[in-house]
Amino acid sequence: MRIAFVLAGLGAGGAEKIVNLLAHHRSGKGDIVHVLALNADSPTSYFPYHSAIKIEPLGGSTFAFPRVAQPIQRLSRFRRRLVSLKPDLVISFLTKVNVLVGLAARGLNTPIIMSERNNFTSQDTHLVWRLAQPVAVRSAARLIMQTQDALQSLPPRLRGKAEIIPNPVTLPPNIARVSGQGTRVVAVGRLERQKGFDLLLEAFSYVAQSVPTAQLTIFGDGSQRGALEHLARDLGIADNVKMPGITKFPLDWLGAGDIFVLSSRFEGFPNVLLEAMTAGLPSIAFDCSWGPAEILSSPNAGLLVPSADVRSLGEAILSLVTDSALRNKLSTYGSAAASARYAASSVLQQWDDVIAKSVKPPSLKATYGEGAETPGAETPRAERHA
């Protein structure tokens with residue numbers, strides 16, 4: 001098949017990571033794979049792609065168009081690319097991208113799988129997107145949600161075409177972690193209100209009062225950096241807090257902490273929590289919607305505290321900082337639970353099943369003619385990629 005994966009950009013986010021994984025998986029199965037990045041200006045990607053996968057940045061320059069006309073211009077550009085590409089299947093990710101795909105593909109008779117990655121009941125969305133979303137989503141052959149709560153939040157008429165596929169755990173086998181004294185706390189995410197790092201700083205100030213040597217490192221970047229730095233100074237913990245930005249390579253942050261904290265006000269499905277648990281970092285999370293309660297449902301997988309409860313979060317962090325036995329227990333059980341439940345092989349098989357139900361690839365005989373030699377029939381996959 002020719003599959004077009006569609007997403008907003010090529011940065012360090014969770015959607016970008018799962019697209020990278022799926023694109024390589026389907027390419028390895030013999031599909032022709034295109035990755036269309038609607039807002040990207042170049043093919044440079046935080047997650048590297050094999051040369052066999054075609055990366056297409058569709059952002060480009062819109063300076064010649066009035067600001068209000070730029071979304072229409074990009075939508076038109078995207079539709080022209082779909083018409084030219086003629087994919088057998090389109091797989092899109094994130095709310096706004098799903099809407100754009102639904103609009104751009106109208107009348108093309110192309111099966112679409114739309115994957116929702118964020119909490120659409122909590123995220124701020126412009127009225128135009130909220131009105132367009134129900135219309136666009138109706139064109140999807142399948143809807144992929146990541147949690148049961150997400151599925152139940154869909155309108156009843158859409159639940160029949162929805163399936164739950166969580167994110168997989170994908171850590172390299174040589175991931176390096178440096179054991180510390182239990183005083184290094186790490187968090188990861190965009191420096192935006194959703195991620196609740198203001199709440200984390202307040203909670204950590206409680207910890208620093210009891211353990212002055214405790215350190216908090218928040219990896220990521222965003223519009224709230226200045227406000228968070230100001231808050232750390234006001235709380236008197238500026239010397240205990242570091243915000244080094246985005247890591248140069250994926251998962252570099254795992255070596256910077258002894259304890260992981262997810263302080264989000266809401267989530268779609270927190271990849272970083274799974275990654276931390278799998279790597280053996282004892283983990284704490286707010287019981288926000290959606291995801292943490294499902295991920296931490298196994299006994300001793302991690303500590304789940306009431307959503308946005310700063311004092312409870314501070315107490316949970318302090319309990320891990322001061323109790324090595326508890327850290328070791330959560331490290332062992334958390335890693336086992338995450339690895340068993342969210343193994344990449346299982347999740348990728350779920351995606352394959354949904355793809356198979358959404359579109360049937362044309363037979364090679366029908367495409368190339370009876371007796372014709374099919375592309376790659378006697379050529380190893382690795383050589384074809386080369």
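Just so it is clear, the model here is predicted, and its values are computed rather than measured.
For Arg79 (side chain) and Ala104 (main-chain N/O), a donor-acceptor pair under 3.5 Å exists by modelled atom type. Proximity of a side-chain donor or acceptor of Ser335 to a complementary backbone N or O of Ser331 within less than 3.5 Å is not detected. Here the side chain of Lys329 pairs no donor or acceptor atom with the backbone of Asn300 at under 3.5 angstrom. Side-chain N or O atoms of Tyr49 include none that pairs as donor or acceptor with a backbone N or O of Thr44 at under 3.5 Å. Here the side chain of Asp198 pairs no donor or acceptor atom with the backbone of Leu231 at under 3.5 angstrom. Between the side chain of Thr217 and the backbone N or O of Lys242 there is no donor-acceptor pair closer than 3.5 Å. Under a 3.5 Å cut-off, the side chain of Asp221 and the backbone N or O of Gly245 do not form any donor-acceptor pair. A distance-only check finds a donor-acceptor pair linking the side chain of Asn240 to the backbone of Pro212 [under 3.5 Å]. Here the side chain of Glu16 pairs no donor or acceptor atom with the backbone of Phe47 at under 3.5 angstrom. A donor-acceptor distance shorter than 3.5 angstrom exists from the side chain of Ser319 to the backbone of Ala316, with no hydrogens or angles considered.
Minimum interatomic distance between Ala15 and Arg117 (heavy atoms only, all atoms of both residues): CB-CG, 4.2 Å. Here the closest heavy-atom approach between residue Leu10 and residue Ala37 is recorded as CG-CB, 3.8 Å. Taking both residues in full, the closest heavy atoms of Phe78 and Leu58 are given as CD1-CD1, 3.8 Å, listed atom of the first, atom of the second, then distance. Across all their heavy atoms, Leu154 and Ala162 have their closest contact at CD1-CB, 3.6 Å. In this structure, Pro111 and Leu89 approach most closely via the heavy-atom pair O-CD1, 3.4 Å. Smallest separation of non-hydrogen atoms from Arg26 and Phe5: CG-CZ, 4.3 Å.
For the pair Ser264/Phe286, no side-chain contact is recorded, criterion being any heavy-atom separation below 4.5 Å from C-beta on. Between Leu82 and Thr110 the shortest side-chain heavy-atom distance does not fall below 4.5 Å. Inter-residue side-chain proximity for His24 and Ile53 is flagged as met; some heavy-atom pair is nearer than 4.5 Å. Annotation: side chain of Ile317 is not in contact with side chain of Tyr206 (no heavy-atom distance under 4.5 Å). Considering only heavy atoms from C-beta on, Met114 comes within 4.5 Å of Ser139 through its side chain. Considering only heavy atoms from C-beta on, Leu326 stays 4.5 Å or farther from Pro282 through its side chain. With a 4.5 Å cut-off on side-chain heavy atoms, Ser297 and Arg341 count as touching. With a 4.5 Å cut-off on side-chain heavy atoms, Glu163 and Asp353 do not count as touching.
When hydrophobic clusters are built by joining Ile, Leu, Val, Met, Phe, Trp and Tyr residues whose side-chain heavy atoms come closer than 4.5 Å, directly or via intermediates, Leu21 is grouped together with Ile113. Taking hydrophobic clusters as Ile, Leu, Val, Met, Phe, Trp and Tyr residues chained together by side-chain heavy-atom distances below 4.5 Å, Val83 shares a cluster with Leu75. Under the 4.5 Å side-chain heavy-atom criterion for Ile, Leu, Val, Met, Phe, Trp and Tyr, Ile284 and Phe266 are members of distinct hydrophobic clusters. Follow the hydrophobic side-chain contacts under 4.5 Å out from Leu103 and you reach Val90 in the same cluster. No continuous path of ILVMFWY side-chain contacts below 4.5 Å connects Leu38 to Tyr46, so the two sit in separate hydrophobic clusters.
Under the rule for a side-chain contact (heavy atoms from CB on, under 4.5 Å), the partners of Val211 that lie at least two apart in sequence or sit in another chain are Thr183, Thr213, Ala214, Leu318, Val321, Thr322. Not counting sequence neighbours, the partners of Ser307 by the side-chain contact (heavy atoms from CB on, under 4.5 Å) test are Cys288.
Remark: Arg106 CZ is loosely packed, at most 12 non-hydrogen atoms of other residues, nucleotides or ligands lying under 6.0 Å away. For Gln152, the CD atom is densely surrounded, since the number of other residues' heavy atoms within 6.0 Å is greater than 12.
For the atom pair Thr170 OG1 and Leu251 CG, the distance stands at 7.0 Å (nearest 0.5 Å). Atom CG of residue Asp323 and atom CG of residue Asn328 lie 9.0 Å apart, to the nearest 0.5 angstrom. Distance check, rounded to the nearest 0.5 Å: CZ of Phe269 to CG of Asn119 gives 13.5 Å. For the atom pair Ile218 CD1 and Gln224 CD, the distance stands at 12.0 Å (nearest 0.5 Å). Separation of atoms CG (Asp239) and CZ (Arg233) is listed at 11.5 Å; rounding is to 0.5 Å. In this structure, Leu320 CG and Ile259 CD1 are separated by 5.0 Å, a value rounded to the nearest 0.5 Å.
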Is there a side-chain contact (heavy atoms from CB on, under 4.5 Å) between Ile164 and Thr147? Walk through the geometry before answering. CA-CA 6 Å; Ile164 298 172; Thr147 66; 5.6 Å; no
Verdict with supporting geometry, Leu235 and Phe204, side-chain contact (heavy atoms from CB on, under 4.5 Å): CA-CA 9 Å; Leu235 292 170; Phe204 187 76; over 6 Å; no
Between Arg193 and Arg265, does the side-chain contact (heavy atoms from CB on, under 4.5 Å) criterion hold? Intermediate values first, please. CA-CA 8 Å; Arg193 185 180 183 279; Arg265 288 180 166 89; 3.3 Å; yes
Would Glu116 and Val137 count as a side-chain contact (heavy atoms from CB on, under 4.5 Å) if you check the C-alpha gap in whole Å, the side-chain angles of each, and the deciding distance to 0.1 Å? CA-CA 10 Å; Glu116 182 55 68; Val137 168; over 6 Å; no
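Under the 3.5 Å distance criterion, with hydrogens and angles disregarded, a donor-acceptor pair is assigned to the side chains of Asn167 and Gln146. Side-chain polar atoms of Ser84 and Arg80 form no donor-acceptor pair below 3.5 angstrom. Counted by atom type alone, Ser223 and Glu192 present one or more donor-acceptor pairs between their side chains at under 3.5 Å.
Applying side chain to side chain contact (heavy atoms under 4.5 Å, CB included) to Val305 and the options Ser312, Pro292, Ser263 leaves one that passes, Ser312. Between Ile355 and the options Met1, Arg142, Gln350, a side chain to side chain contact (heavy atoms under 4.5 Å, CB included) holds for only Met1.
Contact check on Glu202 versus Arg311 returns no salt bridge, with no Lys/Arg side-chain nitrogen under 4.0 Å from an Asp/Glu carboxylate oxygen.
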